[in-house]
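Note: hydrogens, waters and symmetry copies are ignored here, and every other heavy atom, side chains too, is used. Throughout, protein chains are lettered first and strands after them, A, B, ... in sequence-line order, and every chain is numbered starting at 1. Predicted model only: the values in this text are computed from it and were never measured.
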Number of protein chains: 2
Amino acid sequence: MVSSKINTEEKILDAAKDVFQSKGMDGARMQEIADKAGINKAMLHYYYRSKQKLFEAVFKNAFTIMAPKLIKIFDSEEPFFELIEHFVNDYISFVSKHSYIPIFIIQELNRNPEMIKEVIAEKFGKVTNSLESKIEKLVKSGEIRRISAQQLIINIISLCVFPFLARPLLSEILQKDKRAYKALMEERKTHVSEFIINAIKIKQ
Amino acid sequence: MVSSKINTEEKILDAAKDVFQSKGMDGARMQEIADKAGINKAMLHYYYRSKQKLFEAVFKNAFTIMAPKLIKIFDSEEPFFELIEHFVNDYISFVSKHSYIPIFIIQELNRNPEMIKEVIAEKFGKVTNSLESKIEKLVKSGEIRRISAQQLIINIISLCVFPFLARPLLSEILQKDKRAYKALMEERKTHVSEFIINAIKIKQ
DNA sequence: GTCTATAGCCAGATAGAC
DNA sequence: GTCTATCTGGCTATAGAC
């Protein structure tokens, strides 16, 4: 029984996602994808022509899931401190559930930086400007400290994502097993936004 | 002239470093390493027996360069705020010069998390404790805000390293070319420590 | 120690029957 | 659409001459 008659095309994409995201483009094997999808190698080529094309489908998919979550920080009308709280909480929750996605995207973009131009569109350009001017306004009105908007954006994303990329290293340094590390990440949903707000808020 | 008669073994390790760090274990080709070292494939096996062994030599080397720089944050006797300033400045300088190393280590540790146990020794365990108790002391004496020592450590490392891992993504989002992104990283040498200190310092 | 030549394997891709 | 069988090429690794 199980997933008997969903689209073969989708079964392939699902299996490919697992394999590519854990092994990377170069480490992935078409045979393993076929096995995991419950079909044979020939079918992979029937649907996707080549390993490269299949990989691109998986990558674009991952990026398409990731981008809207990320873009929320640029794109909200909430008051700034609430925006930070919500973004940090939501984004860390998302990455906790899909921890393969960031390392996959980062890794493959470093392998082949040109890929980004195919997926990013100009979506981001406009929204970054709007956040930047929002931050600059808060600086001028004296609600937050003088700070570079771009640096602040980098900081927010860094604090949310990095601990998931570096989990093997950090969990060893901090002597945390899997469960304890997960608890630490859970804590971060509130810790990080407090940290950021403390860094920028001007006390009256 | 040039590097004519340095050890063949070192020439190999140098070439292997370049290739493994830009292509990863799976993407690297022994032929390319041989070409870059100016010798032939047979020599690679003569000196290192297998691709795996050569890779391990490169990985341990990279980790051995990285670890002492990282460990400085745990291991210094400076006053805490100065420690942060110096660590952030030095670590970002280091990563700027060797930007392949962090992505290489992170990537390969995710591919094979067991590797860490072979390289990390217990060096880290002791020093983390010492930093943690130092932070806890500052919390109790009211010099810095109540904060989890471990979260703070994660934050510091995140803010230093992540922008180099995510450069292809961030430089596209922020619309920075290579030169402008480098300038942003230069700025971070002071920006990040100010940000951290503002986040934790208690104003009188 | 260093080379050329090649063994041996395994991957991605395709042909062609059903 | 789905399969089996196979081609073709490229890779790691080794044998063996110098």
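Side-chain N/O atoms of B:Asn40 include none lying less than 4.0 angstrom from OP1 or OP2 on C:dT2.
Taking atom CD on A:Glu9 and atom P on D:dT2, their separation rounds to 10 Å, with Å as the unit. Separating the NZ atom of A:Lys53 from the P atom of C:dG12 is a distance of 16 Å, rounded to the nearest angstrom. Summarising the geometry, the separation between CE on B:Met25 and C1' on D:dT12 is reported as 10 Å, rounded to the nearest angstrom. Atom C1' of nucleotide D:dC11 and atom CG of B:Asp26 are separated by 13 Å, given to the nearest angstrom. Rounded to an integer number of Å, the gap from NZ of A:Lys41 to P of C:dC10 is 12 Å. For the pair B:Gln31 CD and C:dC3 C1', the interatomic distance rounds to 13 Å; values are reported in whole Å. In this structure, CZ of A:Arg29 is placed 17 Å from P of C:dC9, rounded to the nearest angstrom. Note: CD (A:Gln52) to P (C:dA11) measures 18 Å, nearest angstrom.
Comparing B:Ile39 and A:Ala42 along DNA chain C, the residue whose closest nucleotide (by nearest heavy atom) sits nearer the 5' end is B:Ile39.
More than 12 heavy atoms of other residues, nucleotides or ligands sit less than 6.0 Å from atom NZ of A:Lys36. Counted within 6.0 Å of NZ on B:Lys176, heavy atoms from surrounding residues, nucleotides or ligands total more than 12; the atom is thus considered enclosed.
When atom types are taken as modelled, the side chain of B:Lys51 and the backbone of B:Met25 share a donor-acceptor pair closer than 3.5 angstrom.
B:Ala28 comes within 4.0 angstrom of sugar-phosphate atoms only, judged by non-hydrogen atoms across all strands, and of no base.
Looking at A:Ser50 and A:Gln52, their side chains never bring a donor and an acceptor atom within 3.5 Å of each other.
Residues A:Glu114 and A:Lys117 are not paired through a salt bridge, judged by the lack of any N-O separation under 4.0 Å between the basic side chain and the carboxylate. Note on A:Asp26 versus B:Lys23: no salt bridge recorded, every NZ/NE/NH1/NH2 to OD/OE distance being 4.0 Å or above.
Between B:Phe59 and B:Phe63, the angle of the ring planes stays under 30°, which puts this pair in the parallel group of the 30/60° scheme.
Contacts of residues 43-51 of chain A with DNA chain C (heavy atom under 4.0 Å): A:His45, A:Ser50, A:Lys51.
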